[in-house]
Amino acid sequence: MSSTPAVDPTLDPAVDPVVGLGSDPARATDWWRDAVIYQVYPRSFADGDGDGIGDLPGITARLPYLADLGVDAVWLSPFYTSPMADAGYDVADYRDVDPLFGTLADADALVARAHDLGLRVVVDLVPNHTSDEHVWFRAALAAGPGSPERARYLFRDGRGADGEEPPNDWRSVFGGPAWTRVSEADGRPGQWYLHLFDTRQPDLDWSHDEVREEFLSVLRFWLDRGVDGFRVDVANALVKAEGLPDWDEKLALLSGATEEGELPPMWDQEEVHDVYRTWRAVLDSYEPAGSRMMVAEAWVDPPERLARYVRADEMHQAFNFTFLGARWEPAALRAAVDRSVAANAVVGAPTTWVLSNHDVVRHATRLGTDDPGAHVGLGIGPRDPQPDAELGLHRARAASALMLALPGSAYLYQGEELGLPDHTTLPDDVRQDPTWFRHEGTVAGRDGCRVPIPWVADAPAYGFSPTGRSWLPQPPAYGDLAADRQTGVDGSTLELYRRALRLRRELRLGEGDHTWDDTLGADVLALRRRTPLGEVLVVTNFGDAPVDLPAGVRPLLSTAPGPHPERSPSPVPSDVTVWALVE
Ligand code: GLC
């Protein structure tokens with residue numbers, strides 16, 4: 001755990017009794033159980049060299065901002081060598097840095113600076129597929145059918161008289177078929193290869209020993225460079241069912257078993273757990289044992305199946321996408337919390353909360369729509385109904401404060417601490433997400449949540465790059481939300497997050513368990529948490545009418561607009577979360 005940050009000048013010790021209490025002393029192991037981990041999307045965080053694309057030196061220069069924000073760790077989306085067909089989730093060399101982002105020396109410098117600041121570093125690992133420019137895939141194309149080179153991927157002959165039909169009916173997550181046919185050395189149409197995502201992301205065959213060995217070696221490569229953990233991309237996809245059978249059902253990322261209990265043949269196969277057991281052994285071999293972690297990006301439902309990824313000898317965490325996709329309703333959120341906490345308790349794992357990331361519409365935008373769950377992964381474009389930005393931000397602040405009061409770990413996505421919305425009116429000609437292209441422009445895709453961060457309101461590209469270049473245009477609304485406009489401003493979203501993170505650390509809200517208080521009515525979620533300072537009551541009001549806090553509580557934090565709203569207690573307005581100390 002990083003050291004306690006300097007006392008926040010916006011906190012008044014007379015009103016904020018927790019100032020100076022101090023948090024848990026540095027914990028070398030198990031730090032991830034209650035950590036707040038900040039996702040950096042490198043191409044959009046901070047551009048050091050002015051080419052309009054964020055880079056590692058840009059991130060390193062901004063690390064003090066993250067330490068000051070009060071997070072425990074940083075997760076970096078991929079920065080490896082890549083042709084960028086899927087923004088770096090198509091890796092051509094797992095052991096090097098793409099020149100767009102810098103060099104290996106820049107990565108080392110980033111890790112060293114983060115550690116100096118008390119921040120841990122988690123890197124992304126993309127094991128399901130490589131880039132089509134990976135040396136293995138090039139060799140596979142050159143070597144031809146039946147070769148050992150092709151055996152590392154999922155090449156198959158096509159169906160039909162001349163093999164002109166794909167080997168099965170699977171669809172790509174990004175739209176279109178999941179198979180592409182190659183031309184063989186003689187120029188004739190040949191075999192097909194599987195890609196659950198883009199054509200340029202061929203799936204590896206995880207039954208192959210060389211594939212398994214290679215990733216053990218990649219893990220060691222980054223662990224030897226000092227990283228503290230890995231976020232594992234589509235961790236539920238690596239192993240496919242024997243024989244690659246057809247799957248008539250829709251191929252959705254979050255598709256659990258059918259009502260008859262049948263599992264999709266491309267997701268969540270039993271043998272995938274063997275892979276993570278071998279990885280866990282590698283992580284645990286680094287000193288001190290238990291200090292390195294893995295978090296699964298596994299779109300697995302229901303929570304009981306997801307919990308299988310965090311059994312004691314597998315991963316440490318798995319993102320809770322059920323919580324992320326829940327409607328803005330007390331019953332839905334409460335059910336998502338209870339079911340996941342209960343499922344994880346069976347295997348002894350904490351829960352891992354998240355509301356935004358680089359694949360989903362940001363929660364400040366999602367919660368300004370009628371059906372937040374509908375926008376996960378598909379984006380919102382200029383031809384779609386536009387969200388209510390004010391309502392979205394208001395609810396997002398309440399949702400974040402609710403999340404940060406729950407026991408377990410929490411992930412933040414860059415810019416959510418500024419209350420950033422998605423760019424929902426990006427012009428078609430700047431879009432880059434393969435989802436947009438593979439759906440032939442019928443689905444906006446994920447570019448809207450990947451727009452570069454505004455640091456300085458009055459600078460070109462809002463301070464994202466020294467030249468004012470920006471790989472995606474930023475919406476005008478980003479000016480007022482720039483970090484410099486919010487720093488030190490009472491009631492700003494940035495100061496709200498800083499305060500919440502500081503209180504969370506000092507009250508140790510990430511530890512322990514929760515109980516619900518049903519006495520405040522059906523429109524309210526009210527949590528009671530035991531803390532070193534006594535009981536804390538967390539109230540989120542989903543109703544239209546304000547709700548009175550019980551007598552004898554002192555508000556510590558409120559997401560209501562305006563300066564220091566916690567100083568004007570009760571009642572709790574609509575769509576607001578309050579944390580209060582029970583005295
Ligand atoms: C994960 C990543 C996403 C990527 C996909 C394929 O879902 O988060 O950005 O496109 O995997 O690698």
Side-chain angles (χ1 to χ4, degrees), residues 37 39-45 75-92 94 98 122-134 137 153 170-176 178 194-204 206 215 218 230-238 240 251-255 266-268 272 294-301 306 309 315 317-321 324-325 352 354-362 375-379 411 413-414 422 431-439 443-451 472:
I37 302 181
Q39 179 188 358
V40 167
Y41 192 65
R43 62 175 44 229
S44 301
F45 191 62
W75 148 38
L76 301 163
S77 280
F79 48 75
Y80 316 110
T81 315
S82 165
M84 305 289 163
D86 183 22
Y89 281 95
D90 49 321
V91 181
Y94 290 85
D98 194 276
V122 174
V123 295
D124 221 303
L125 190 71
V126 189
N128 178 65
H129 42 264
T130 69
S131 158
D132 62 340
E133 293 189 15
H134 190 283
F137 193 72
Y153 292 91
W170 297 3
R171 311 284 298 166
S172 151
V173 173
F174 292 159
L194 178 72
H195 51 89
L196 290 181
F197 295 89
D198 191 62
T199 314
R200 303 198 57 190
Q201 293 168 297
D203 280 47
L204 288 162
W206 272 85
F215 278 88
V218 171
F230 299 91
R231 176 266 190 191
V232 181
D233 193 62
V234 280
N236 55 323
L238 277 49
K240 279 81 181 175
L251 190 152
L253 205 47
L254 192 60
S255 48
M266 69 295 286
W267 304 132
D268 197 26
V272 82
M294 290 182 281
V295 54
E297 187 224 14
W299 293 85
V300 171
D301 202 37
L306 184 64
Y309 288 76
M315 302 240 187
Q317 302 181 323
F319 293 117
N320 188 332
F321 293 128
L324 183 151
T352 302
V354 60
L355 286 166
S356 283
N357 65 32
H358 67 292
D359 290 329
V360 304
V361 171
R362 286 175 174 279
H375 300 290
V376 173
L378 300 179
Y411 280 71
Y413 176 49
Q414 64 179 34
D422 264 37
R431 291 198 177 276
Q432 304 209 9
D433 182 5
T435 311
W436 160 260
F437 295 101
R438 291 184 64 87
H439 281 97
V443 166
R446 302 164 296 175
D447 292 311
C449 65
R450 299 175 174 180
V451 172
L472 283 175

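Values below: all heavy atoms of this structure, side chains included; hydrogens, waters and symmetry mates excluded. All ligand and atom numbering here is 1-based and tracks the order in the structure.
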List every atom of ligand 1 that sits less than 4.0 Å from any heavy atom of R446, numbering the atoms from 1 in the order shown and giving each element. 3 (C), 4 (C), 9 (O), 10 (O)
For H358, the ligand 1 atoms whose distance to one of its heavy atoms is below 4.0 Å: 2 (C), 3 (C), 8 (O), 9 (O)
Within the distance-only criterion (no hydrogens, no angle test), does the side chain of D422 pair as donor or acceptor with the backbone N or O of V361 below 3.5 angstrom? no
Judged on heavy-atom distance to atom 6 (C) of ligand 1, which of D86, N128, V173 sits nearest? D86
Reference residue F319; test ring pair (Phe, Tyr, Trp, His ring centres under 6.0 Å); the match among W299, Y309, W75: W75
Tell me whether R200 contacts the main-chain N or O of D132 through its side chain, where contact means a donor paired with an acceptor under 3.5 Å. no
Tested for side chain to side chain contact (heavy atoms under 4.5 Å, CB included) against E297, the lone hit among N357, V232, D359 is D359
Ligand 1 to W299 polar contact by distance, N or O atoms, under 3.5 Å: no
Just checking, any donor-acceptor pair under 3.5 angstrom between side chains of Y89 and S77? yes
Which part of R231 is near ligand 1, with near meaning a heavy atom under 4.0 Å away: side chain, backbone, both or neither? side chain
Please list, in number order, the atoms of ligand 1 under 4.0 Å from a heavy atom of F174. 10 (O)
Interfacing atoms of ligand 1 (cut-off 4.0 Å, heavy-atom, R450): 9 (O)
I'd like to check which ligand 1 atoms, numbered from 1 as shown, lie under 4.0 Å from a non-hydrogen atom of H129. 6 (C), 12 (O)
Centroid-to-centroid, F137 to H195, below 6.0 Å? no
For atom 1 (C) of ligand 1, the option (of D233, D90, V91) bearing the nearest heavy atom: D233
When you measure from the side chain of D90 to the backbone N and O of M84, does any donor-acceptor pair fall under 3.5 Å? yes
